[in-house]
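Here the structure comes first, spelled out in structure tokens, and everything after it is commentary.
Lettering follows sequence order; numbering is per chain, from 1. No experiment lies behind these values; they were computed from the predicted model shown.
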Amino acid sequence: MPTPRLRFAPSPTGYLHVGGARTALFNWLYARRHGGQFLLRVEDTDKARSTEESTRAIFEGLQWLGLDWDEEVVYQGANVARHRADAERLVADGHAYRCFCTPAEIEERRKHAEATEGAFKYDRRCDRLPADEVARRVAAGVPSVVRFRVPDVQSTGWNDLVHGAISFPHKDIEDFVILRSDGTPIYNLAVTSDDIAMHITLVMRGDDHISNTPKQIMLYRALGADLPQFAHLPMIHGTDGKKLSKRHGATAVADWQHEGILPQTMVNFLALLGWSPGGEFNEVMTIEELVAKFDADGLLKKASVFDTKKLEWMNGQHLGRMPLDELGPLVARKIAADGGATEHELLARPAWFHALLELLRVRSRTVDDIVRQARPYLGATVTYDAQAAAKAWKEPAEARGLVADARVALAACTPWEPAAIEPALKAVAEARGVGTGKLFGPMRVALTGEANSPGMFDVLGILGRDVALARLDAALVELDRRIGAS
RNA sequence: GGCGGUAUCGUCUAGAGGCCUAGGACACAGCCCUCUCAAGGCUGCGACACGGGUUCGAAUCCCGUUACCGCUACCA
């Protein structure tokens, strides 16, 4: 068996959508798993809607996900000459014929048919035109399209890799147009012609293409080409069960990238939408594990809903597992954009930065969560969250006493290390007759401005002696102000 | 309307005739841990769309119904 060749064929009319990304991913996984090729074809024949930015956005999306493609990108628009030649060949071979009916006429007949008996189907009137009449009209320059002549009786079917046997009776398929009157190809022809030219062996795409498949199979046969295998993937829906669209919020992979979702999370999450390795398995997987496990048997038939809650959970899992060397630069870039520190400052003291990341990533679900939580550890001063202060400093005088005692005890800690700090603070709490929680609450707000943070000893360690003491002093000033104001 | 596809907890899924009193994960609730928040651990809530068959036995096979989705263009 030859090595499989698959392709992802987006039309560049928007950003890389999660549905498209999933289709690309499955094609890529299959190719990588079986040592085949994964090709890219840009279906830009709809020049009205196709844009260059869009093409670039799709490439960037794929690159971000790590879906690398083989060979040169194929631009469908560059192949119209072949598409046209294929259409002409089909006419010459008697598989297709010229149709002179105008769009307006067809529309009128369609309306009439729908009003009277229901379904409209082209009645093949132009197929009955005598050869000399066709020649005369062509010579006279009468515009015409090329229609494929669907063989009478029988049906066309295939063994779909995900759905099993599917077939369509020919009586339900009209003689479809394959070449427009301006000489440009219609989708089904272009796709088939290109897939043949690219030697695609497995066409894996969304199941919204199921009803195009019999037409394409007829084209393969009429063109004398071998059939590829087909696999039709289920759709991805929004929470309301409808096809994913803008109104569901973030649907472009770039949107998630900006929200702080990791590419490995996106790949992992998308892989599990419409595919399952079967049996019991750990859902959090690396891209390498996915490649190793991926196969067509695990492809599912049912449309799935894109659950952002689970996506975020999974991102937290990946955040917690990835190497700090990899996470560091990612977070540094976003912190720089946030204005907390420059990338250089952060990367200049890796041990400290990594320790901070270690403390924050366990409480984060996105890269942006880490950035937000890192703020108190970056600036010189801290702003007190109103709610946090209202709660932890509810009794300013009492809080002041606690913070002041802690300040004194801490100042005496010679090696600024947990071994010295822990007993010192515990002694303060004991002397004051309170639990450590009662002491750490006011301290936490003094040091971070927030109600929540990593453990007190970790916070002190990250801040360092000088900053910690300075913040306690600043808090004492603030507390004095509050005592005076009450 | 016609044709095609799909149908297990709210969501993602396991399940390929007896292993199912239907398993796991997310979400949700509670408990534990605990200086807060997370993380982690434990417990709970919660599904085979419906109706007929086939079979000793069906979530699993067949038929019908219903619901949902897709296609039905000189769009892709």
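- Using P as the reference atom, G46(B) and C63(B) are 34 Å apart when rounded to the nearest Å.
- Side chain S181(A) to base C74(B): a donor-acceptor pair is found below 3.5 Å.
- Using a 4.0 Å heavy-atom criterion, one finds that L300(A) contacts the sugar-phosphate atoms exclusively.
- With a 3.5 Å ceiling on both atom-pair distances, the Watson-Crick or G-U wobble partner of G64(B) is C50(B).
- Counting any heavy atom pair closer than 4.0 Å across all strands shown, N282(A) reaches no nucleic acid atom.
- Using a 4.0 Å heavy-atom criterion, one finds that L273(A) contacts the sugar-phosphate atoms exclusively.
- G441(A) comes within contact range of no nucleotide atom at all, as no heavy-atom separation falls under 4.0 Å.
- Residue contacts for T436(A): at a heavy-atom cut-off of 4.0 Å it reaches the sugar-phosphate backbone alone, with no base atom in range.
- Comparing the same atom, C1', in U55(B) and in G17(B) gives a spacing of 9 Å after rounding to whole Å.
- Between the CH2 atom of W313(A) and the C1' atom of U11(B) there is a distance of 13 Å, rounded to whole Å.
- Place R444(A) and K309(A) on RNA chain B by their nearest nucleotides, and K309(A) ends up nearer the 5' end.
- Tested against S144(A), the residues R137(A), R98(A), R180(A) include a single side chain to side chain donor-acceptor pair (under 3.5 Å) partner, R98(A).
- Using a 4.0 Å heavy-atom criterion, one finds that T184(A) contacts no nucleic acid atom at all.
- Comparing the same atom, P, in U6(B) and in G10(B) gives a spacing of 22 Å after rounding to whole Å.
- Residue P234(A) is classed as having no contact, given no heavy-atom separation below 4.0 Å to the nucleic acid.
- The CZ-P distance, from F457(A) to U36(B), rounds to 12 Å in whole Å.
- Of the candidate nucleotides C35(B), A73(B), U6(B), U6(B) has the atom lying nearest to any side-chain atom of K301(A).
- Rounded to whole Å, the distance from CG on L359(A) to P on A38(B) is 16 Å.
- Using a 4.0 Å heavy-atom cutoff across all strands shown, Y187(A) reaches at least one base atom of the nucleic acid.
- Qualifying salt bridge (Lys or Arg N to Asp or Glu O under 4.0 Å) partners for R375(A), counting only residues two or more places apart in sequence or in other chains: D338(A).
- Of the P atoms belonging to G2(B) and C20(B), the separation is 44 Å, rounded to the nearest Å.
- Among U13(B), C69(B), A76(B), the nucleotide with an atom closest to any side-chain atom of S304(A) is U13(B).
- Between C33(B) and G24(B), the two P atoms lie 25 Å apart (nearest whole Å).
- Using a 4.0 Å cut-off between a side-chain N of Lys or Arg and a carboxylate O of Asp or Glu, K293(A) and E289(A) do not qualify as a salt bridge.
- Among the heavy atoms of the strands, none lies under 4.0 Å from H232(A).
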Got a list of protein N/O to nucleotides 46-49 of chain B N/O distances below 3.5 Å?
none

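- Across the protein-nucleic acid pair, Q373(A) atom CD and C37(B) atom C1' stand 8 Å apart, rounded to whole Å.
- Looking at K310(A), its side chain comes within 3.5 Å of the base of A25(B) through a donor and an acceptor atom.
- Taking atom P on both A58(B) and U21(B), the two are 12 Å apart, rounded to the nearest angstrom.
- The CG-C1' distance, from L439(A) to U36(B), rounds to 13 Å in whole Å.
- With a cut-off of 3.5 Å on both pairing distances, U21(B) has no Watson-Crick or G-U wobble partner at all.
- C12(B) and G30(B) have their P atoms separated by 26 Å, with the value rounded to a whole Å.
- Residue V145(A) is classed as a base contact, given a heavy-atom separation below 4.0 Å to a base.
- Using a 4.0 Å cut-off between charged nitrogen and carboxylate oxygen, D405(A) and R400(A) do not count as a salt-bridge pair.
- Q317(A) places its CD atom 9 Å from the P atom of A39(B), with the value rounded to the nearest Å.
- Atom CD in E312(A) sits about 16 Å away from atom C1' in A25(B), given to the nearest Å.
- In this structure, R109(A) pairs ionically with E105(A), as a charged nitrogen and a carboxylate oxygen lie closer than 4.0 Å.
- The separation of G51(B) from C32(B), taken at their P atoms, amounts to 44 Å, rounded to a whole angstrom.
- One interatomic measurement links the two molecules: CD1 of I236(A) to C1' of U13(B), which rounds to 15 Å at whole-angstrom precision.
- If you check G23(B), U11(B), U13(B) against the side chain of K302(A), the one that comes closest is U13(B).
- Of the listed nucleotides (C12(B), C74(B), C35(B)), C12(B) has the atom at the smallest distance from the side chain of E283(A).
- Minimum atom distance to the side chain of I186(A) is reached by A76(B), of the listed U6(B), A76(B), U11(B).
- Side-chain contact, Y97(A) with D175(A): a donor N or O sits under 3.5 Å from an acceptor N or O.
- Distances shorter than 4.0 Å separate none of the side-chain N or O atoms of R365(A) from OP1 or OP2 on A38(B).
- We find that D123(A) and R125(A) are joined by a salt bridge, their nearest charged nitrogen and carboxylate oxygen being less than 4.0 Å apart.
- Using the Watson-Crick or G-U wobble rule with both distances under 3.5 Å, G1(B) pairs with U72(B).
- Mapped onto RNA chain B by nearest heavy atom, G274(A) and K171(A) fall at different nucleotides, with K171(A) at the one closer to the 5' end.
- Annotation: cation-pi pair R22(A)/F26(A) present, NZ/CZ under 6.0 Å from the ring centroid and within 45° of its normal.
- Of the candidates A38(B), A76(B), C3(B), A38(B) carries the atom nearest the V362(A) side chain, counting heavy atoms from C-beta on.
- For S276(A), taking side-chain heavy atoms from C-beta onward, the closest of the listed nucleotides A76(B), C37(B), U13(B) is U13(B).
- Taking the side chain of E280(A) as heavy atoms from C-beta on, and the options U11(B), C35(B), G23(B), the nearest nucleotide is G23(B).
- A centroid separation of less than 6.0 Å is found between the aromatic rings of F457(A) and F440(A).
- Between the side chains of H232(A) and D208(A), no donor-acceptor pair of N or O atoms lies under 3.5 Å.
- G40(B): Watson-Crick or G-U partner is C32(B), with both key distances under 3.5 Å.
- Between the CD atom of Q373(A) and the CG atom of N452(A) there is a distance of 8.5 Å, given to the nearest 0.5 Å.
- Under the Watson-Crick and G-U wobble criteria, each requiring two contacts below 3.5 Å, nucleotide A16(B) is left unpaired.
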